[in-house]
Amino acid sequence: MKVKTISRNEAEFTRERKVDLVRMQRNVDPAQHPFEKPREYTRALNAVKMDKIFARPFVAALNGHSDSVFSLCRHPDSLTHIFSGSCDGVVVVMGVPELKVWNLATHACLATLPAHRGFVRGVALGHGNSSVITVGDDKAIKLWPISLDGLRNGLPEDIQPLTTFLGEHAFSGISHKANQPIFATSGPVILLWDETRGSPTATFEWGCDSVNAVKFNPIDQDVLASLASDRSLAFHDVRASTPIRKVIMTMRGNAVAWNPMEAFNLSVASEDHNVYTFDMRRLDTALNVHQDHVAAVLDIDYSPTGEEFVTGSYDRTLRIFRRSEGRSREVYHTKRMQRIFCVRFTGDSRFVMSASDDTNIRLWKANAADPLKVLVPREKKKMEYQEKLKARYRHLPEIRRIDRHRHLPKAVHGATRLKSVMKKAEQRKEKNRAAHSSQDTRPVPERKRHIVEVQQ
């Protein structure tokens, strides 16, 4: 007769800390666990419900401006420092527009700089992230000596701009080229500037009255995207003197953001309440149409991971979308928050910032139910397990209903219902038109419906 002894190493089933419980051994054979799926479904349902109970997205409000905040910029080398620009004062002569420097960790304003006589339309980091560039309505571009060492060690009380560039017209936006002392400004035309020269080095235009926004591609750094008043999205190569390609849409775009992980993909925040994701190599159709807002989308920004982006709208709500989904996964709002002009992700993708018309900069959690405390390894494993369960059973009706449910303001809820009724009526008309017409009147897909013309 053979006798086998069970021998186990204690280090394999006990934790590092003696106060922790002993690790339980689990047999993964499905024949031994016939009720595994019902148990997992119950755990997934409980996890979704607990997320709703512990959803506390709002973190803090940075209150220091006295008028609407129009521009935001985060420091790429720091998780806690941001820059905001506004127009402080109803009368431009009496009130001086300010540039403020914030510390997100302490919610403190580090510096207030009188920047321009008029709205501060854009803020960007200079070459080497050792300076800050601002543009405004006073036809001036100012270069401020603000470095990361100065932010950490303390900024002087009286900071004067290093350089002031004067233009012939007011500026509406700015974008800096990574790793080079080159930046682009938007206005009646697109101007390319060098930090070491006092006049623009190049001019780009393509048959439009004014350009609303510009944005350099973070991967292919010589490609520049612009939105103009003729409802167009155009692409320029700064190495050449001619534009690359242009697409005209049914409504004007307000902001553009490149995907930091996919060199050819970008998203446009449009006036028609939607966000359109394009591949710049094929502009005759959109990759995706992101719907949920009930008013014009004013700003957009991608997460550093490239998997999500955040939008701010005229309907006083902030929404977070997954890049491959047409509906938002999260919507944030407060009673006091007004029109959102700027939105930004933080460098670690954990938080979202919004700047609105009510003079406040608000800090939100990207995932509403995430705890702010430091998690021990056991808690991290539990949360990872719950996320896997929710992803596995998210298609089931009850879990999908609980996960998608959001409380909305009364005005937004009513406008959403009205838009749904109008859309169903339009679809019914198209269906009847196709059924009773002798010609081929197939409905145009949603991804092509809002594109008027592509020019090269």
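Numbers here are sequence positions counted from 1. What's counted below: heavy atoms across the whole structure, side chains too, no hydrogens, waters or symmetry copies. Given the structure is predicted, the values throughout are model-derived calculations rather than measurements.
Atom OH of Tyr393 is separated from atom CG of Asp403 by 16.0 Å, given to the nearest 0.5 angstrom. Remark: Arg406 CZ to Arg329 CZ distance equals 8.5 Å, nearest 0.5 Å. Within the model, atoms CD1 of Ile300 and SG of Cys342 stand 13.5 Å from one another, a figure rounded to the nearest 0.5 Å. Separation of atoms CG (Asp67) and OG (Ser86) is listed at 6.5 Å; rounding is to 0.5 Å. The distance from atom CG of Asp137 to atom NZ of Lys139, rounded to the nearest 0.5 Å, is 10.5 Å. Atom CD1 of Ile182 is separated from atom OG1 of Thr201 by 6.5 Å, given to the nearest 0.5 angstrom.
By the 4.5 Å heavy-atom criterion applied to side chains, Val211 and Val189 are not counted as neighbours. Contact check for Asp370 versus Arg350: no side-chain heavy atoms found under the 4.5 Å cut-off. Contact check for Pro243 versus Phe235: no side-chain heavy atoms found under the 4.5 Å cut-off. Put simply, the side chain of Lys177 does not reach to within 4.5 Å of the side chain of His127, judged on heavy atoms. Inter-residue side-chain proximity for Trp144 and Phe83 is flagged as unmet; no heavy-atom pair is nearer than 4.5 Å. Lys142 is not listed as a side-chain neighbour of Ile133, based on a closest heavy-atom distance of 4.5 Å or more. Side-chain contact between Val352 and Arg344: absent, with no pair of heavy atoms (C-beta onward) separated by less than 4.5 Å. For the pair Trp364 and Phe58, the minimum side-chain heavy-atom distance is below 4.5 Å.
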*Begin with the C-alpha distance, continue with both residues' side-chain angles, and end with the deciding distance and a verdict on side-chain contact (heavy atoms from CB on, under 4.5 Å) for Lys365 and Asn367.*
CA-CA 5 Å; Lys365 291 188 287 187; Asn367 295 307; 5.8 Å; no

*Might you work through the side-chain contact (heavy atoms from CB on, under 4.5 Å) test for Met353 and Thr346, ending with a clear yes or no?*
CA-CA 7 Å; Met353 298 171 287; Thr346 56; 4.2 Å; yes

*Quick one: do His176 and Phe216 satisfy ring-ring contact (aromatic ring centres under 6.0 Å, His included)? Show the steps, please.*
CA-CA 7 Å; His176 201 283; Phe216 272 105; 8.0 Å; no

*Could you go step by step and tell me if Val123 and Leu72 meet the side-chain contact (heavy atoms from CB on, under 4.5 Å) rule?*
CA-CA 7 Å; Val123 183; Leu72 275 179; over 6 Å; no

*Go through Asp222 and Arg239 one step at a time and tell me if the salt bridge (charged side-chain N to carboxylate O under 4.0 Å, His left out) criterion holds.*
CA-CA 7 Å; Asp222 292 316; Arg239 297 166 296 185; 3.4 Å; yes

_Quick one, Val275 with Ser270, criterion side-chain contact (heavy atoms from CB on, under 4.5 Å). Give me CA distance, side-chain angles, the key distance, then yes/no._
CA-CA 6 Å; Val275 176; Ser270 178; over 6 Å; no

*Evaluate salt bridge (charged side-chain N to carboxylate O under 4.0 Å, His left out) for Glu325 paired with Arg394, printing each intermediate quantity in order.*
CA-CA 14 Å; Glu325 296 182 2; Arg394 61 183 299 185; 3.5 Å; yes

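In this model, no donor atom of one side chain and acceptor atom of the other lie less than 3.5 Å apart for Thr359 and His65. Side-chain contact of Trp102 with Ser84: a donor-acceptor pair under 3.5 Å is present, judged by distance alone. Side chains of Thr317 and Tyr332: no donor on one and acceptor on the other come within 3.5 Å. No side-chain N or O of His75 forms a donor-acceptor pair with one of Ser78 less than 3.5 Å apart. A side-chain donor-acceptor contact under 3.5 Å links Thr277 and His290. Side-chain N/O atoms of Ser147 and Asp149 include no donor and acceptor closer than 3.5 Å. The closest side-chain donor-acceptor pair between Ser349 and Ser303 falls under 3.5 angstrom. For Asn63 and Arg362, the side-chain atoms include no donor-acceptor pair closer than 3.5 Å.
We find that Glu262 and Arg281 are not joined by a salt bridge, their nearest charged nitrogen and carboxylate oxygen being 4.0 Å or further apart. One finds a salt bridge joining Asp284 and Arg282 here, because a Lys/Arg side-chain nitrogen approaches an Asp/Glu carboxylate oxygen to under 4.0 Å. Salt bridge status for Glu379 with Lys373: present, with a side-chain N to carboxylate O gap under 4.0 Å. No salt bridge links Lys381 with Glu384; every basic N to acidic carboxylate O contact stays at or beyond 4.0 Å. Contact check on Lys429 versus Glu426 returns no salt bridge, with no Lys/Arg side-chain nitrogen under 4.0 Å from an Asp/Glu carboxylate oxygen. Checked for salt-bridge contact, Arg339 and Asp357 meet the test: a charged N lies under 4.0 Å from a carboxylate O. The pair Glu430-Arg449 meets the salt-bridge criterion, since a charged nitrogen lies less than 4.0 angstrom from a carboxylate oxygen.
For the pair Lys246 and Trp206, the cation sits on the ring face: its NZ or CZ lies under 6.0 Å from the ring centre, inside 45° of the axis. Stacking of Arg121 on the aromatic ring of Phe171 is not recorded, the 6.0 Å distance cut-off and the 45° axial limit not both being met.
Here the closest non-hydrogen pair linking His107 and Ala60 is CE1-CB, 3.3 Å. When all heavy atoms of Leu375 and Lys380 are compared, the pair lying nearest together is O-CE, 3.6 Å. Among all heavy-atom pairs drawn from Ala178 and Gln221, the shortest one is O-OE1, 2.8 Å. Shown here for Leu79 and Leu104, the closest heavy-atom pair between the two residues is O-CD1, 3.9 Å. The two residues Leu233 and Ala225 make their nearest non-hydrogen contact at CD1-CB, 4.5 Å. The two residues Ala296 and Asn254 make their nearest non-hydrogen contact at CB-ND2, 4.2 Å.
For the side-chain hydrogen bond (donor to acceptor under 3.5 Å, both in side chains) with His293, the qualifying choice from Asp272, Thr311, Asn274, Thr416 is Thr311, the only one to do so.
Gln291 CD: more than 12 foreign heavy atoms inside a 6.0 Å radius. Few gaps surround NE2 on His169; more than 12 heavy atoms of other groups in view lie less than 6.0 Å from it. No more than 12 heavy atoms of other residues, nucleotides or ligands lie within 6.0 Å of CZ in Arg197, so this atom counts as exposed by the packing criterion. Sparse packing is recorded around NZ of Lys388, with 12 or fewer heavy atoms of other residues, nucleotides or ligands lying under 6.0 Å away. Around atom NZ of Lys419, more than 12 heavy atoms belonging to other residues, nucleotides or ligands sit under 6.0 Å away. Counting heavy-atom neighbours within 6.0 Å of Arg327 CZ, excluding the residue itself, gives a total above 12.
When atom types are taken as modelled, the side chain of Ser172 and the backbone of Ser186 share a donor-acceptor pair closer than 3.5 angstrom.
Using cut-offs of 30° and 60° on the angle between ring planes, the pair His407 and His405 is perpendicular. Using the six-membered ring where Trp is involved, Phe321 and Phe309 have ring planes that are parallel, under 30° apart on the 30 and 60° scheme.
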